[in-house]
Amino acid sequence: MKRYLFGSLGLLMLIVTGVASAQSIEKAIKYRQGAFAVMGWNFGAIVDMIKGKRPFDQEDFARRAKIISDVSLAPIEGFLTESSEGQTKSKFEIWENFADFEGKMKLMQEAALNLSVVSLSGDYDASKRAAIKLGKTCKSCHDEYRKK
Ligand code: ASC
């Protein structure tokens with residue numbers, strides 16, 4: 001009887017922790033997607049300014065670049081647990097090559113900080129180059145680690 005009771009208790013605890021971790025994985029996925037959405041929203045506006053689809057407004061450009069740079073520090077925390085299942089385009093390869101993934105994330109953060117600093121100068125050509133450089137760091141990670 002005792003053995004049966006402890007066995008059932010153990011099973012219940014496993015189920016409860018399992019459900020809890022599934023919930024925290026879902027939260028982590030939403031967290032990193034939210035951060036990327038903020039970055040994409042603002043980078044989209046910057047790209048429009050560069051393409052001439054929206055007037056170049058240095059103050060607005062710099063404000064958006066700062067948001068991207070600040071938020072670029074956020075998403076890595078949402079990748080700490082293996083979470084390639086569910087509502088995500090993240091490939092399993094992220095967790096197989098986590099050091100490489102983290103390195104690419106750092107390059108993106110550096111490019112975002114660079115864009116933020118350069119855009120304060122008001123130098124349009126330098127800002128454009130910095131934005132293109134940042135876009136390349138986004139793409140390099142997407143090519144390898146994001147499902148189509
Ligand atoms: C964006 C956005 C991305 C990147 C990428 C750059 O605005 O949403 O994922 O730029 O397209 O190559």
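Everything numeric here is computed off the predicted structure, so don't read it as measured data. Both counts, for ligands and for their atoms, begin at 1 and track the order of listing. Residue numbers start at 1 and run along the sequence shown.
- Nearest protein neighbour of atom 8 (O) of ligand 1, counting heavy atoms only, is Gly40 CA, 4.0 Å.
- Pairs passing the side-chain hydrogen bond (donor to acceptor under 3.5 Å, both in side chains) check and including a residue from residues 59-73, sequence neighbours excluded, read Asn42-Arg64, Asp60-Arg63, Asp60-Arg64, Lys66-Asp70.
- For the pair Lys91 and Glu144, the salt-bridge criterion is not met [side-chain N within less than 4.0 Å of a carboxylate O].
- Counting only non-hydrogen atoms, the option in Ala37, Cys138, Gly135 that gets closest to atom 12 (O) of ligand 1 is Gly135.
- Ring-plane geometry between Tyr124 and Phe56 is classed as perpendicular, the angle between the planes exceeding 60 degrees on a 0 to 90 degree scale with a lower cut at 30.
- Within ligand 1, the atoms closer than 4.0 Å to a non-hydrogen atom of Lys139 are 12 (O), numbered from 1 in the order shown.
- For ligand 1, the atoms lying closer than 4.0 Å to a non-hydrogen atom of Phe43 are 1 (C), 7 (O), 10 (O).
- A tilted orientation is assigned to the rings of Phe98 and Phe101, their planes being inclined by 30° to 60°.
- Residue-ligand proximity, His142 to ligand 1, at heavy-atom distances under 4.0 Å covers atoms 9 (O).
- Protein heavy atoms all stay at least 4.0 Å away from atom 2 (C) of ligand 1.
- Here the SG atom belonging to Cys138 is positioned 13.0 Å from the NZ atom belonging to Lys133, to the nearest 0.5 angstrom.
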